[in-house]
Amino acid sequence: MWRKSKPYLLLLPASFTIILLFFGGIFDGLLKSFGYFPAIGETGLNLTAYDRLLHSSDFWQSMALTLRVAALSSLVSAIIGAFLAVALFFVNNSTKKAIPRPWQRLFQLPLTIPHLVAGYIVVLLFTQSGFVSRLLATVGWIDGITEFPVLVNDSFGWGIILTYAWKEAPFVALMLYPVLSRIHGSWRDVSRVFGAGPWQFIREVVVPVMMTAWTIATFIVFVFTFSAFEVPYLLGVTYPSVLPVYSYQLYTSGTLSDRPEALAVNMILAAITILLGLVAYHVSKRWNVLKGWG
Amino acid sequence: MKKQPRFLPLLLIIGLFIFVLVPFVPLMLSSLSFGWRWPDVFPQGWSLRAWEYVVNDVRTWQAVGISLWIALIVTFVNLLLALPAANALVRYPVRGRWLFEAIIFAPIIIPPFISVMGVHLSFLRFGLTETVLGVVLAHIAPTLPYMFRAVMVSYQTLSVDWEDQARMLGAGAVPRFFHVVLPHLLPGILAGASLSVLISLSQYLITFIIGAGQVVTLPILLFPFISGGDPAIASAYSLLYAAIAIMALVGMDAALKRYYQMSRVPQQEKGVKP
Amino acid sequence: SEDAGNATNADSLLAADWDAIQDTAQGQVVNMYMWGGSDNINNYLDEWVAPRIKQDYGIELNRVPMNDAQDIINQLLDEKIAGKTEGSMDIIWINGENFKAAKDNDLLWGDFTGQLPNFNDYVDADAPEVSEDFGEPVEGLEAPWGKAQFVLVHDENQYEDPPKSMSELADWVKQNPGQFTYPAPPDFTGSAFIRQVLYETTGGHEQYQQPAADIGNLEERLEPMWQYLNSIEPYLWREGETYPESLAKQDQLYASGEIAMTMSYDPALAASEVLKGRFPESTRTYVLEEGTLANTHFLSIPFNASDKAGALVAINELLSPAAQTAKLSPENWGDLTALDLEKLSPEQQQAMNEVDLGEATLSIEELEQNRLPELSSDYIDIIEEGWTEYVAKE
Amino acid sequence: MSDLRIIDIEKRYRSAQAKNEASFLLRPVQLTIREGEFFSLLGPSGCGKTTLLKLVAGLLEADGGELWFGNENLSNVPPEWRKFAMVFQQSLLFPHKTIEDNVAFGLKMQKVGKKERLNAARSMLDHVGLSGFGRRFPEELSGGQQQRVALARALVANPRVLLMDEPFSALDPSLREEMRELLSQIQKEFRVTVLFVTHDRDEAFALSDRIAVMGEGQLRQIGTARQLYERPENIVVASFLGLKNILGGQVTSGRFVSSDKIIDATVHQPLADGDYFMVIRPESIKAAAADQSGHVSIHGIVQEMKYVSGTYNLKVIAETQVLECVFTTFQAEQTAVGESIDLLVDMKEVWFLKE
Amino acid sequence: MSDLRIIDIEKRYRSAQAKNEASFLLRPVQLTIREGEFFSLLGPSGCGKTTLLKLVAGLLEADGGELWFGNENLSNVPPEWRKFAMVFQQSLLFPHKTIEDNVAFGLKMQKVGKKERLNAARSMLDHVGLSGFGRRFPEELSGGQQQRVALARALVANPRVLLMDEPFSALDPSLREEMRELLSQIQKEFRVTVLFVTHDRDEAFALSDRIAVMGEGQLRQIGTARQLYERPENIVVASFLGLKNILGGQVTSGRFVSSDKIIDATVHQPLADGDYFMVIRPESIKAAAADQSGHVSIHGIVQEMKYVSGTYNLKVIAETQVLECVFTTFQAEQTAVGESIDLLVDMKEVWFLKE
Ligand SMILES: Nc1ncnc2c1ncn2[C@@H]1O[C@H](COP(=O)(O)OP(=O)(O)OP(=O)(O)O)[C@@H](O)[C@H]1O
Ligand SMILES: Nc1ncnc2c1ncn2[C@@H]1O[C@H](COP(=O)(O)OP(=O)(O)OP(=O)(O)O)[C@@H](O)[C@H]1O
Ligand SMILES: [Mg+2]
Ligand SMILES: [Mg+2]
């Protein structure tokens, strides 16, 4: 009996903690999003909050913004990340030895910087009167502040995108680098022997090999940026705001009757991320992401 | 392919430099500036005002202490939870393994503030809000999956043969854990701990909701400043905050290195998070 | 039963005499929840107020930094729902909408201001800016801490003669395109600027002293304001395509010379920015010819404050002439006093008048002479929504 | 007597994913390993050698059967109390401990004092030719040296039985030979009972007193190397041992006729009539012209000649049958690929299998 | 003639961390590999085999020397144009491509149409016994199967030379043997020139037409298996090939006297006087009682007898010298460990080395 149930007992604390603290909270939120709110005397279940949300243009604008920001953030950081990884790979290759550890560290630096700080860095860099604008003005590329585009607290979300590009590009690079360094050793030799030139090598081996890890990394960044709060709160505009901020605004509006809506936003957010997670899982399974290179 | 121009790597390194380091320059300048009008690249005057405020404020150091303290407790709790769970999933044929994995990994996908907003009132009723304990509990969900993953990956690389070998040499369960399992897992544990500490340090929203102003961590202190407060102080706080995060990681890394030097455990790959 | 005990205890405080309250307050730790984004204000409380209260009354004043007063109200609301009777918040710093929300939800303790000696001695309780908070009757639920008044900020060296009325402003903006803007509502100051426009373009403030719902043709009346705002929009910063998100952003624009004017609901803010080196030395503030909006910010005690006696004593101390005088100094904060100058003793008056407000700040007198009352918050909602509708989206 | 007796031990793996793999069954094993004996389990990959070894070690729980050491029933004793030692395919040295500490680990677990156990470790390291390496870390040693350390570690605590699971299969061939020598010598020196698992016939032959050939979860035959090679009990064993000249045929009243008729000769053993396989070891085939008494001649064509250190391996086709034979260089020089040849088979050396 | 000629190719590794490792030097190599020949490089680990192979492949740049294929100078042709193929120790299949696509990779690089190259790939997979595996992914195959695919991939584009770097050393012994057979057969079928690297003597012997023994960055001797084994040119080669009976001594006017005096016999070869080593292959030692003409007798004591499939390996101590000899089972039955024995050495079979 003990032998049979031992693994389950070992799993119990962790899963119980998550179920209680995490799923409990989600379930609680779910109930409230259905209008079940005993504290203010609401015990019925209804879909009013969802109905109101789905008919509110604010919600849809938030959704559109969130999707756009997440998509662009992940795309930009994926591209920069891939570039970083390839650049490191080449530096590594041409110097014929491992990158000295300080370099490795350096390029991981953005990973360790908290998001809030990264967001603030972007504020200082990219406001119209920010550091970049000053540099450009000093060089003479722009004459007035207004010539510098609005990149922070803009309704398009460039500031958010820039922050994530800076923070997550190293993450993408870090996911890609091991894959690339595997290619380096023997596969280049193999492909050369079988007649592949550098471009063919890149097309036939590097890209397909990188592709899977790259897609997954991009995807992770997407899910993350899709549901992040701090950076959009800091760098976004009040209206429209990304979904998590929108939810927070509703939650703290000071009006209890907005709560179910806030939680309904959360539930929709959760549903979408779960959906995305499942898609990612299937894609990674389908593509054998973990096959061959652990 | 053969003869690569020498300047290319140099160029790349410089590019990397700009990408990674230059962003910190305005932060530094702003924290030391006294009057800094467009389009000057450097401030007109310098002042230590912001740093004096940040360094002299007891709250700053209390916040640093609380932040690290919470991060450490969270990490320790995570370790206690993750070790047996990883052991079970790696070592035993578990029915419904996907379910357990899905449960434990769920907070990676579903943003934890969703759950915290839901659970907030219950925490309030149980008197967990405004307490370090409550914040610790709130930090577990977003950090545990990373710790769990790191430990599990580490466990997977530990073949049962090692434990069998120790058994054959007469080692019972406890010596086995301390002589064989723990030394092997240590790098993984440290990688997981780094992530756990980093994530815990970075939480603003859930700390705020649960801590409700009484648990003042660094991000709580910093937030009013960077969302429209004094830029010099915001910059100084940001630098301090980043430095604490980096130092926490570097510290752990150094500990790991020392451990390697002392005992030559083959190094494993570190876990990463977005 | 603890509930009941607490309640009677609390209610008795409302009737107790001041010495008893001071005794009860001994040794209490008073948590003061307030916005924490200004080092000046923080320092004033931490270094000027807290040590004095500690020394004089044995009360520990613990400032709790918050990002937003709305968060405070929200938290109280949750505590109310959850039935938390021993809350951590003892003093909260609120006004306007937040006060209304708190009052509507019964989040405040009670009519306590009458218990405060300094309130009774130095505050003109009948003055409209004290008895009403954005049109909402205060009813003793909060004590005035300081006053703010809307001022415009400009750089004397750049434009010597800034526009002193809305019509002048319209002309000025057209002559100097891109040099002016205002923060987008719901930013507090931006919203105030729009109210300022409202007063001037629709014929004065008096008509709005009744509830919004009582005015039948409100939309019509507001029409000139929208026209005005839309007429200047093309000449604003970035051609009015976008507005600064917050005053802080706008100040940054001004500080870096991107725009020529900014504004403030804090008449001394510009001076303190000059002190910090953010604003140019030649920065000056001024009020409009027809006067500018003024409001009061208040301190209140939540329904579930654990240390109400301490809170009373602390608030009383914050209202003391000494504390108010210190607060007035831009080096500390630069916030206008909530006290009635006339009720002060001559020495006290002198002390206050001697405070160097900085060249950028107008004199207290000049400010007081140009005061306009605030609107009640139902107007504010309508105006803010209307702005999004008629100005921002167009 | 401290023999190790394995009595009807059996084990079934229930495969976790029921569909994916057929589950594996180790049939009841009956085996006695004598004290001080070097006993090998020889069999192809996946036949259950490791399983049996781990059952003996106690690392797996048997589904049935018992394990006795002398008069002690070990069936329910956990592995850490059995006082056995084991060497695995990988050296499995603890990477964070020095060589000395690795070797002394078993003694440490037995609560032997630090000084004493380090001395014991050092002298054991001497024995395996690694004196002076004690303070190094495992990763500073080559694969062969690591395996020596593993051996030292296993031996230092005076185990009652030494279990070894293909300990040399990860090593280079030349190193492997060297390690065999060392093991052989040390086993004689310590007179330790060894249960050795391998899939390499030469290794088993070179080292063992007795060998058990396993196949598909079963013991097929137990015996000395020569017994197995010269008297295999069935074709599976014969072909696993590399005996390739296996001719089907019939024995009728003392005469064997192969089905392709290339051999028709009197049987020296007393065999009942019936179908048999005749096994001819390559060494017992000679080129004709030597003395013919008791030999049977086969005519064939040389298909392939390969020089193997000192001798030639020939493949000769006789009708449809390919026969392998070992020729000396002198014999080989008399012929060439493609030429026809007369082979003599010594009927005293052949072996018949009933199937 | 499309021979592969390696002319004075040399290579020095400048070690990156100057202190850590002595740099390695591959001495100028002079070698001609004939068309269709199976040529092996045999040598211990680290002697430079892979280096030489990669130089031939073009994956390393030589410091000097030339490489010719027939009349074509390949020295400066990049590897992708050389039309060689290579099989590595790890199969190095591209994990993201199916088996078919892996095999067809070389043809794809040569711009062969999709249909054609897949057909070629499939038929090559047939050849290596993997028909039907084409649509799988590499990780779904076992190690041996993967190595077959690697072989197929190398052969499908009809390479002018097939380079193989210890392709079987990561496989099980039994699998290794099977793969040797396959390779041998396929090489004959396709008549492809093979340059094969191994450190396993048996493998080299079993497969090669000619073998070059390497040691410390130098070619030591080139020849057929038998030439190398029976006529090694120096002790290094002899002992690397497993010849253990090497006796130092002196030749004086046609007579060899070993330094420990156990042998004193007339030399059949014409040798100048001087110090020599006499190499006695184990096979050329017999037990006494056989015909004694041309033999030299040595007296010794049997120290060890090991049964090795069909024969016994004996170690006999004569004075201080340990002699290894191979006995038939019949001869071996006449003696036992510890008994004294007279050995005969056929002086026609011994070999002398000057050193
Ligand atoms: N834990 C297990 N669960 C299910 N089946 C197993 C397990 N371990 C081994 N098997 C199966 O049992 C059979 C025997 O395994 P075992 O390891 O004993 O073989 P082996 O003879 O040691 O082979 P090798 O020479 O490859 O080590 C194999 O078919 C294997 O797949
Ligand atoms: N890139 C390199 N830089 C410096 N030295 C090297 C390099 N590659 C190999 N060497 C050294 O050159 C020597 C020969 O290496 P090589 O790989 O050719 O040996 P090998 O005969 O193939 O050995 P093995 O059987 O182990 O594969 C070794 O001492 C090795 O350490
Ligand atoms: Mg095994
Ligand atoms: Mg090699």
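The chains referred to below are lettered A, B, ... by the order of the sequence lines, with proteins before strands, and numbering in each begins at 1.
- Between the E/His96 side chain and the A/Glu204 main chain, a donor and an acceptor come within less than 3.5 Å of each other.
- Residue A/Phe219 places its CZ atom among more than 12 non-hydrogen atoms of other residues, nucleotides or ligands, all under 6.0 Å distant.
- Chain A forms the most heavy-atom pairs under 4.5 Å with one residue out of E/Lys54, E/Gln90, E/Glu80, and that residue is E/Glu80.
- Using a 4.5 Å heavy-atom threshold, the side chains of E/Pro159 and A/Phe194 count as separate.
- For E/Lys97, the part sitting under 4.5 Å from any heavy atom of chain A is the side chain, from C-beta outward, and nothing else.
- Pairs engaging residues 161-171 of chain E under the salt bridge (Lys or Arg N to Asp or Glu O under 4.0 Å) rule: E/Lys49-E/Glu166 [sequence neighbours left out].
- Using a 4.5 Å cut-off between heavy atoms, E/Leu107 does not touch chain A at all.
- The distance from the CE atom of E/Met86 to the CZ atom of A/Arg192 is 12.0 Å, given to the nearest 0.5 Å.
- The two residues A/Ala196 and E/Met109 come nearest to each other via the heavy atoms CB-SD, 3.3 Å.
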Check the pair E/Phe88 / A/Asp189 against side-chain contact (heavy atoms from CB on, under 4.5 Å), numbers first and verdict last.
CA-CA 10 Å; E/Phe88 297 79; A/Asp189 282 356; 4.1 Å; yes
Side-chain atoms of residues 149-158 of chain E: list all donor-acceptor pairs with protein atoms under 3.5 Å, sequence neighbours left out, distances to 0.1 Å.
residue  : atom : partner  : partner atom : Å
E/Arg153 : NH1  : E/Leu92  : O            : 3.3
E/Arg153 : NH1  : E/Asn102 : OD1          : 3.4
E/Arg153 : NH2  : E/Ser91  : O            : 3.2
E/Arg153 : NH2  : E/Leu92  : O            : 2.9

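- Open room surrounds NZ on E/Lys83; 12 or fewer heavy atoms of other groups in view lie less than 6.0 Å from it.
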